[in-house]
Every structure is written in C-alpha cells, then in structure tokens.
Amino acid sequence: MITNALNSYREVDCFTASPVKLVVMCYDQAIAQLKAAKEAYRQGDFATKGRCVTKVIDIIHELNASLDMEKGGEIAQNLRRLYLYILKTIMEADLQRDLAKFDHLVEILEELAEAWRTIATESIKAEADPKNEVPYGTRQPAVVARNWQG
C-alpha cells in the first residue's frame with residue numbers, strides 16, 4: 001500500500017513538474033541508477049546491473065531527444081555532445097567493468113543536476129518578481145532552458 005502511494009505521488013510529481021524540474025528529476029534518477037549499477041557489479045548481480053545501466057541509457061537518450069537544437073543554440077549543442085559522451089562512456093564502463101568510469105559519470109551528472117537546480121531556483125524567483133508581469137496575466141519564459149525543453 002505504501003509503495004502504491006509513493007508511486008502515485010511520483011506520478012503526480014512528474015505530471016505537474018516544470019520542464020526544468022523534469023530535467024533535474026532525470027539527472028537524479030540517472031545518478032541513482034548508476035550508483036545502483038556499480039553496487040550490483042560489486043555484488044555480482046549482473047541482472048540488476050544490466051537493468052540499471054539500461055535505465056541510465058534510456059534517461060540520457062530521452063534528455064538528448066528533448067533538446068531543441070534550433071532554439072537551444074550552443075548550450076543545446078554542448079549538452080548533446082555531453083550526452084553522447086555519457087552514452088559512450090557508460091557502454092565502455094559496462095563492457096570493461098570499469099567502476100571508476102561509473103564514478104566519473106556520476107560526477108558529471110551531479111554537476112549538471114546542480115546547474116539545473118540553480119536554473120530552476122532562478123526561474124522561480126523571476127516568476128515571483130512582480131516586475132516580470134506581462135499584460136493579461138500571461139508570463140514570458142523565465143529562462144532559455146524552458147524554450148528548448150531541456
């Protein structure tokens with residue numbers, strides 16, 4: 001019963017989250033799955049390791065697919081290169097059983113998550129600022145990241 005309630009909460013959280021918060025949630029989940037994959041390697045649980053690695057790959061593919069290369073400009077291009085690097089490195093880490101590469105990817109994803117948390121915080125502050133009001137109660141996107149659905 002508690003698991004069902006938690007899953008329902010997570011589902012509602014995903015459906016109501018801003019695009020920036022969704023990106024942070026993706027990074028957080030990828031980090032958790034990489035850590036779980038590393039632990040599964042240590043324990044010799046290769047089935048769990050495989051599921052975790054697959055989830056990370058799916059998350060990174062989804063983040064990559066969500067980039068709007070036209071509106072995102074150089075930021076989107078750099079993120080695309082970084083996502084492709086992450087995908088390549090996770091495959092190498094998996095094939096070579098190189099746990100140090102898993103740690104390296106966790107560090108990269110933690111830095112990205114923190115950067116997006118900062119964007120989310122600044123976005124909330126900008127939306128709360130009465131000087132940012134637009135006629136008829138509509139609002140302009142507070143950050144470029146929202147425009148390209150990062």
Side-chain angles (χ1 to χ4, degrees), residues 1-128 139-150:
M1 177 142 171
I2 292 173
T3 303
N4 288 339
L6 184 59
N7 287 339
S8 294
Y9 172 78
R10 286 181 182 155
E11 191 173 306
V12 168
D13 197 30
C14 286
F15 285 127
T16 61
S18 70
V20 175
K21 185 176 179 185
L22 286 172
V23 170
V24 172
M25 292 168 72
C26 285
Y27 287 138
D28 288 343
Q29 186 61 28
I31 291 164
Q33 293 299 320
L34 277 171
K35 289 178 178 180
K38 183 179 172 183
E39 186 57 33
Y41 259 129
R42 284 193 178 130
Q43 295 177 1
D45 183 355
F46 297 109
T48 298
K49 179 274 312 173
R51 284 190 297 276
C52 293
V53 166
T54 299
K55 286 179 184 178
V56 175
I57 291 169
D58 289 345
I59 290 167
I60 300 302
H61 276 302
E62 190 63 35
L63 288 166
N64 190 32
S66 71
L67 294 172
D68 184 332
M69 301 308 288
E70 197 172 299
K71 292 180 184 175
E74 188 177 341
I75 294 171
Q77 291 172 5
N78 290 337
L79 282 170
R80 171 140 304 149
R81 282 192 284 276
L82 191 54
Y83 293 154
L84 294 174
Y85 171 79
I86 290 169
L87 291 169
K88 177 181 157 265
T89 304
I90 196 167
M91 299 295 254
E92 290 172 356
D94 190 25
L95 290 172
Q96 299 166 0
R97 296 184 183 191
D98 186 346
L99 300 183
K101 286 184 180 180
F102 279 79
D103 292 333
H104 173 64
L105 293 176
V106 166
E107 289 174 15
I108 290 171
L109 290 167
E110 285 174 340
E111 285 184 38
L112 285 168
E114 188 56 37
W116 281 93
R117 278 187 193 89
T118 301
I119 291 169
T121 301
E122 290 173 4
S123 175
I124 290 168
K125 288 179 186 176
E127 287 179 358
R139 293 192 181 270
Q140 298 296 321
V143 292
V144 174
R146 281 195 179 167
N147 288 335
W148 49 275
Q149 300 173 7

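Residue numbers run from 1 in the order of the sequence given. The model shown is predicted, which means the values in this text are computed figures rather than measured ones.
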For a 4.5 angstrom cut-off between non-hydrogen side-chain atoms, does L112 reach L79? yes
For A47, all residues meeting side-chain contact (heavy atoms from CB on, under 4.5 Å), sequence neighbours excluded: D45, R51
Going by salt bridge (charged side-chain N to carboxylate O under 4.0 Å, His left out), name the pairs with one or both residues in residues 54-66, residues two or more places apart or in two chains. none
Apply salt bridge (Lys or Arg N to Asp or Glu O under 4.0 Å) to R42 and list each qualifying residue two or more places apart in sequence or on a separate chain. E39
Enumerate the residue pairs fulfilling salt bridge (charged side-chain N to carboxylate O under 4.0 Å, His left out) with a member in residues 72-81, sequence neighbours excluded, ordered by first and then second residue. none
Name each donor-acceptor pair under 3.5 Å that joins a side chain in residues 87-94 to protein atoms two or more places apart or in another chain, with its distance.
unit_1	atom_1	unit_2	atom_2	d
K88	NZ	E92	OE2	3.4
T89	OG1	Y85	O	2.8
E92	OE1	K101	NZ	3.2
D94	OD1	Y41	OH	2.3
D94	OD1	K49	NZ	2.8

Quick one: CD1 on I59 to CG on N64, what's the gap to the nearest 0.5 Å? 13.5 Å
Could you tell me whether E70 atom CD has more than 12 heavy atoms of other residues or ligands within 6.0 Å of it? no
Just so I know, are the side chains of L109 and I60 near enough to count as touching, which here means a heavy-atom distance under 4.5 Å? yes
pair L82-N78: side-chain heavy atoms closer than 4.5 Å: no
Side chains of residues 28-36: which donor-acceptor partners sit under 3.5 Å, not counting sequence neighbours?
unit_1	atom_1	unit_2	atom_2	d
D28	OD1	R117	NH2	2.5
D28	OD2	R117	NH2	2.9

With sequence neighbours left out, what residues match D103 under side-chain contact (heavy atoms from CB on, under 4.5 Å)? K38
Applying salt bridge (Lys or Arg N to Asp or Glu O under 4.0 Å), can you list everything that pairs with D98, at least two apart in sequence or on another chain? none
